[in-house]
Amino acid sequence: MFSEAIISESDAVLTKLGDSPSKEEYQAGTCRLRKMLELLKCVENQNYQYLQGI
């Protein structure tokens, strides 16, 4: 579900960036992926389990 979305987004980002992206391309291409990973860490964190019931 959510982790599958991250895997899919990771694949899309790596495909889009290619073999040698510039720093700007890398930062722009990974912004969404970084946010998704941040959300996943919150969901997996036991301190945020109350969010599962919402």
Side-chain angles (χ1 to χ4, degrees):
M1 130 177 128
F2 191 70
S3 59
E4 292 171 5
I6 291 176
I7 292 169
S8 177
E9 181 69 15
S10 298
D11 184 46
V13 167
L14 292 174
T15 300
K16 183 178 177 183
L17 290 177
D19 293 332
S20 57
S22 69
K23 182 177 181 179
E24 291 80 20
E25 289 173 320
Y26 175 80
Q27 289 176 333
T30 59
C31 180
R32 181 176 168 182
L33 180 59
R34 282 184 267 132
K35 290 294 182 186
M36 289 176 71
L37 287 170
E38 186 178 324
L39 288 171
L40 180 62
K41 288 177 185 177
C42 289
V43 170
E44 291 179 342
N45 187 331
Q46 293 297 317
N47 294 329
Y48 296 101
Q49 287 300 311
Y50 67 91
L51 293 174
Q52 297 288 334
I54 296 176

> So, Thr15 side chain and Asp11 main chain: donor-acceptor pair closer than 3.5 Å or not?
Replying inline: yes
> Looking at residues at least two apart in the chain, or sitting in another chain, which of them share a side-chain contact (heavy atoms from CB on, under 4.5 Å) with Leu14?
Replying inline: none
>> Once side-chain contact (heavy atoms from CB on, under 4.5 Å) is applied, do any residues pair with Ser10, and if so which ones, sequence neighbours excluded?
In response: Ile6, Leu33
>> Just to verify, what does Arg34 make a side-chain hydrogen bond (donor to acceptor under 3.5 Å, both in side chains) with, not counting sequence neighbours?
In response: Thr30
